[in-house]
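In this chain, numbering begins with 1 at the start of the sequence shown.
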Amino acid sequence: MEDNIEIEIGEINRGNEQIIINKKYEFNFSFQRKDKSKIFRCTEYKTLNKCKSLIILNDKKEVLKYEKMGFICPEYSTIRSQIIRNINKQFPPNIKSFDDIPIESEYYKTKRNENFMIFKNTDLIIFQSPFQAYLFSNYHKNIFADGTFYAAPKFSYQLFITRTYVGEFNMFYTTSISILKNKKQSTYETLFKEIKKKCK
């Protein structure tokens with residue numbers, strides 16, 4: 001096992017944990033053993049590369065075993081740049097500022113053809129599907145909110161996300177995603193006012 005392993009523990013889809021080793025290599029949660037230790041496998045495990053690298057953590061998040069089976073594991077910086085390139089391809093090329101974001105777009109439709117861009121002004125844009133509004137309205141006992149600057153578009157200040165816990169499924173669900181142009185209190189007040197209005 002390598003010395004000086006730096007571990008970051010994050011979350012991916014459906015609340016599953018992901019580990020990033022030394023800001024380079026990504027490992028997704030695979031399963032939990034009877035002794036409560038957790039097995040994480042390289043993100044390339046189920047691809048054509050079939051990388052067999054793994055890491056095992058105990059219930060205190062301490063490394064029990066780290067097997068690096070080669071250099072197949074994708075570096076985090078490489079994956080990050082791929083994600084950014086793919087995201088940029090999703091948007092029309094003429095969006096260069098917050099004001100360029102259109103009020104109506106084919107990109108604002110769900111697979112059920114439901115509009116999920118619910119609000120836009122000069123400081124804020126809110127995305128929330130009807131299903132997310134239902135979850136926010138009916139499971140509001142535990143609402144979690146978090147802002148990130150890292151994933152925010154270049155022309156904005158912050159990406160703000162609300163999530164709720166649904167006990168029946170023992171899962172967290174994202175209930176809205178907003179792009180903020182600033183961090184004024186009035187912007188946050190408008191954000192929650194509009195989300196609550198949509199849930200009535």
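Contact check for Tyr165 versus Ile143: no side-chain heavy atoms found under the 4.5 Å cut-off. For the pair Thr164 and Gln132, the minimum side-chain heavy-atom distance is 4.5 Å or more. With contacts defined as side-chain heavy-atom distances shorter than 4.5 Å, the pair Phe119/Ser178 does not qualify. Contact of the Val166 side chain with the Met171 side chain is not registered, since no non-hydrogen atoms from C-beta on lie closer than 4.5 Å.
Atom CG in Asp59 sits 10.0 Å away from atom CG in Leu57 (nearest 0.5 Å). Atom CG of Leu191 and atom CG of Leu180 lie 6.0 Å apart (nearest 0.5 Å). We find the NZ-CD1 distance between Lys65 and Ile39 to be 8.0 Å, quoted to the nearest 0.5 Å. To the nearest 0.5 Å, the span separating OG on Ser176 from CZ on Phe192 amounts to 7.0 Å. Rounding to the nearest 0.5 Å places CD1 of Ile118 at 4.5 Å from CD of Gln128. Atom CZ of Phe31 is separated from atom OG of Ser37 by 8.0 Å, given to the nearest 0.5 angstrom.
Closest heavy-atom contact between Ser156 and Phe98: CB-CD1, 4.4 Å. In this structure, Asn121 and Asp123 approach most closely via the heavy-atom pair OD1-N, 2.8 Å. Of all the heavy atoms in Lys181 and Asp99, the pair that sits closest is NZ-OD1, 3.9 Å. Closest non-hydrogen pair, Leu159 versus Ala152, comes out as N-CB, 3.7 Å. Between Arg41 and Ser30, the shortest heavy-atom contact is NE-OG, 3.7 Å.
Remark: Asp35 CG is packed, more than 12 non-hydrogen atoms of other residues, nucleotides or ligands lying under 6.0 Å away. Within 6.0 Å of CD in Glu62 there are more than 12 heavy atoms belonging to other residues, nucleotides or ligands. Atom NZ of Lys184 has 12 or fewer neighbouring heavy atoms from other residues, nucleotides or ligands inside a 6.0 Å radius.
With hydrogens and angles ignored, the 3.5 Å screen pairs no side-chain donor or acceptor of Lys38 with any backbone N or O of Glu17. The backbone N or O of Lys183 sits nowhere less than 3.5 Å from a side-chain atom of Thr187 that would complete a donor-acceptor pair.
Hydrophobic clustering of Ile, Leu, Val, Met, Phe, Trp and Tyr side chains at less than 4.5 Å, counting indirect connections, keeps Ile101 apart from Tyr157.
Applying the ring-ring contact (aromatic ring centres under 6.0 Å, His included) test between Phe144 and each of Phe172, Phe136, Phe160, Tyr173 identifies Phe172 as the sole match. Tested against Ile177 for a side chain to side chain contact (heavy atoms under 4.5 Å, CB included), the candidates Thr175, Ile179, Thr174 yield a single pass: Thr174.
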Legend entry - Step-by-step side-chain contact (heavy atoms from CB on, under 4.5 Å) determination, Phe40 to Ile56: CA-CA 6 Å; Phe40 293 81; Ile56 303 173; over 6 Å; no

Inset, instruction - Just do the side-chain contact (heavy atoms from CB on, under 4.5 Å) check on Lys109 and Asn115 with the steps written out, would you? - result: CA-CA 5 Å; Lys109 298 286 184 181; Asn115 188 31; 4.2 Å; yes

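In this structure Phe116 satisfies the ring-ring contact (aromatic ring centres under 6.0 Å, His included) test together with Phe127, sequence neighbours excluded. Listed by chain and residue number, nothing satisfies the ring-ring contact (aromatic ring centres under 6.0 Å, His included) test with Tyr139 (two or more places apart in sequence, or in another chain).
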